[in-house]
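Just follow the structure's listing: the first ligand is 1, and inside any ligand the first atom is 1. On a predicted model such as this, the values are computed, not experimentally measured, just so you know.
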Amino acid sequence: MHMKPIAAREGNHNLKDYEQVYKNFDWKEINNQFSWDTTGKVNIAYEAVDRHAEDPNKKDKVALLYSSPDREESLTFAQLKEKSNQFANVLKKHNVEKGDRVFLFMPRSPEFYMSFLGILKVGAIAGPLFEAFMEQAVHDRLEDSEAKMLVTTPELLDRVPQDKLPHLKQIVLVGGMREGNQYIDFEQEMKQASDELEIEWVDLEDGMVIHYTSGSTGKPKGVYHVHNAMIQQYATGRWVLDLKEDDVYWCTADPGWVTGTSYGIFAPWLNGVTNVIRGGRFTPEDWYGTLEKYKVTVWYSAPTAFRKLLSAGSEVANKFDLSSLRHILSVGEPLNPEVVHWGLEAFDKRIHDNWWMTETGAQLISNFPSLPIKPGSMGKPIPGVEAAIVDNEGNVLPPKQMGNLAIKKGWPSMMRQIWKRPEKYESYFINGWYVSGDSAYMDEDGYFWFQGRLDDVINTSGERVGPFEVESKLIEHPAVAEAGVIGKPDPERGEIIKAFITLREGYSQSDELLEEIRLFVKKGLSAHAAPREIEIKDTIPKTRSGKIMRRLLKSWELGLPTGDTSTLEE
Ligand code: WTA
């Protein structure tokens, strides 16, 4: 069977191909790439792993190529199938059922990937948590999702407030044990578990993954994705990542964030490609070393990382043989034109920007390999996706006019719920458009240009932080009366978190106190959510209805005109 869009990828494509071939594209054209098109049985873990494990030409191909400073390991598709089957059997033994939420809170390791896939194989919903989360952040997510089981490590267990989580019945410990009958020993139970599994066949619309993400108000919300997302994750793996049979692919994102699942697990494995996973901390030498050692051909990372490599200098890059690289991509924050130019210098390759969000489940706007890059632009919508700039009523605006970046409802990987909050979910859609919260404009050639966030969400080193969550933590400190939190522009991190606070009676400003408050947030939430700057004020500006005017704080910080302050409290 012939698939037009993919044929276009493999040919000598140019802008004309994009416009002709991708017009009138129907997502159904992709269905025939999956087993369920003939069997009627669906499970994304089957399509990502078992399907290749059952293919005599693919089963012994390396699926997972893991390395960290102290461990190196690889698993073929056949081995990954067996290991994830075993973990699925462990889950079954402990009565995990379809639709249950099973969360993962652990560093990147082969065990993470076995567990994640095993959860999907029993039809449960996987909830990966970023390993740097501290107690409050872990608690809020496990409580809201009513997770029944958690897979974690003995080292991270102290950050799990078990007494405050009535739904959490069982904890699987990877890499060591603790006393207590709620603990399941991963290593021991895996040894006893069969590697033969009756996989749970689900519906395309059944739940698969929940990622928690931040908005400008309220606690983090559970963005709920379904198995159907595989259609778009697979297709963008080919169109955008340009994955081919023999590629060695490396996505640097942690699976606690959506890029680390959609593009660190699904897109590469649905396409049957060798997937490099690197644990441990970031240093330029280490990253270049990984590219060189595994002869990575396709590399997906983020502007913050590229900026760090850039500031380390081209001399560092030149010490390594990076000639295997064929395609480099970036997501998560605006990709500065300067970085695109540096990519040419350091790798002799352009860095291809693309745009999407936790809520969208997969890439929507992209600089395809076939598109001429306009540095600074996020590119054009992928086939089957209609993007536009709309006003607040959902009316489409003409080219060059700034407004809300919006996507016509109905792409395959779209979130299907905000967990337990249907009214919140509905609030994203206006007049048939999903409204992203980003402002942008479209130029006359149909390229989209990012301008900023329309709400107060902070993007620090590509990680989304909600100001409300940080403010709530700050005012739990005994010295803090009120707090307002903003993103302050920063050349390396994009934005840093800056907090304005007022002090309670009896406290006075000192460097020690500010550092103590910073650490308090760091220990409660996570390092990336802790304010890098804290400034003490006499009052925090609020509206008459009591909402913190972060916009005004930001104008003060940047020395900009303060605009309309008519709603400001006396
Ligand atoms: C921002 C990450 C500029 C944007 C996949 C979006 C970008 C938010 C780009 C989603 C880009 C993502 N250029 N900004 N190419 N890609 N963003 O949910 O503000 O962690 O709304 O998903 O990151 O972040 P999230």
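Seen from the ring of Phe133, Arg141 counts as a face-on cation partner, given the 6.0 Å and 45° thresholds. A cation-pi contact, defined as under 6.0 Å to the ring centre and within 45° of the axis, is absent between Lys409 and Trp433.
For the ring-ring contact (aromatic ring centres under 6.0 Å, His included) test, residues two or more places apart in sequence or in another chain that qualify with Tyr428 are Tyr434. For Glu471, the side-chain hydrogen bond (donor to acceptor under 3.5 Å, both in side chains) criterion is met by Arg550, not counting sequence neighbours. Residues meeting the side-chain hydrogen bond (donor to acceptor under 3.5 Å, both in side chains) test with Asp490, sequence neighbours left out: none.
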Any protein N or O within less than 3.5 Å of an N or O in ligand 1? List each pair with its distance, or say none.
from: ligand 1; atom 1: 13 (N); to: Glu333; atom 2: O; distance (Å): 3.2
from: ligand 1; atom 1: 15 (N); to: Asp353; atom 2: OD1; distance (Å): 2.8
from: ligand 1; atom 1: 15 (N); to: Asp353; atom 2: OD2; distance (Å): 3.4
from: ligand 1; atom 1: 15 (N); to: Asn354; atom 2: O; distance (Å): 2.8
from: ligand 1; atom 1: 16 (N); to: Gly332; atom 2: N; distance (Å): 3.2
from: ligand 1; atom 1: 17 (N); to: Gly332; atom 2: O; distance (Å): 3.3
from: ligand 1; atom 1: 18 (O); to: Thr358; atom 2: N; distance (Å): 2.9
from: ligand 1; atom 1: 18 (O); to: Thr358; atom 2: OG1; distance (Å): 2.5
from: ligand 1; atom 1: 18 (O); to: Arg464; atom 2: NH1; distance (Å): 2.6
from: ligand 1; atom 1: 19 (O); to: Asp438; atom 2: OD1; distance (Å): 2.9
from: ligand 1; atom 1: 19 (O); to: Asp438; atom 2: OD2; distance (Å): 3.2
from: ligand 1; atom 1: 21 (O); to: Asp438; atom 2: OD1; distance (Å): 3.0
from: ligand 1; atom 1: 21 (O); to: Asp438; atom 2: OD2; distance (Å): 2.9
from: ligand 1; atom 1: 21 (O); to: Arg453; atom 2: NH1; distance (Å): 3.0
from: ligand 1; atom 1: 22 (O); to: Thr358; atom 2: N; distance (Å): 3.4
from: ligand 1; atom 1: 23 (O); to: Gly332; atom 2: O; distance (Å): 3.2

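A pairwise comparison of heavy atoms in Thr261 and Pro255 identifies CG2-O, 3.4 Å as the closest pair.
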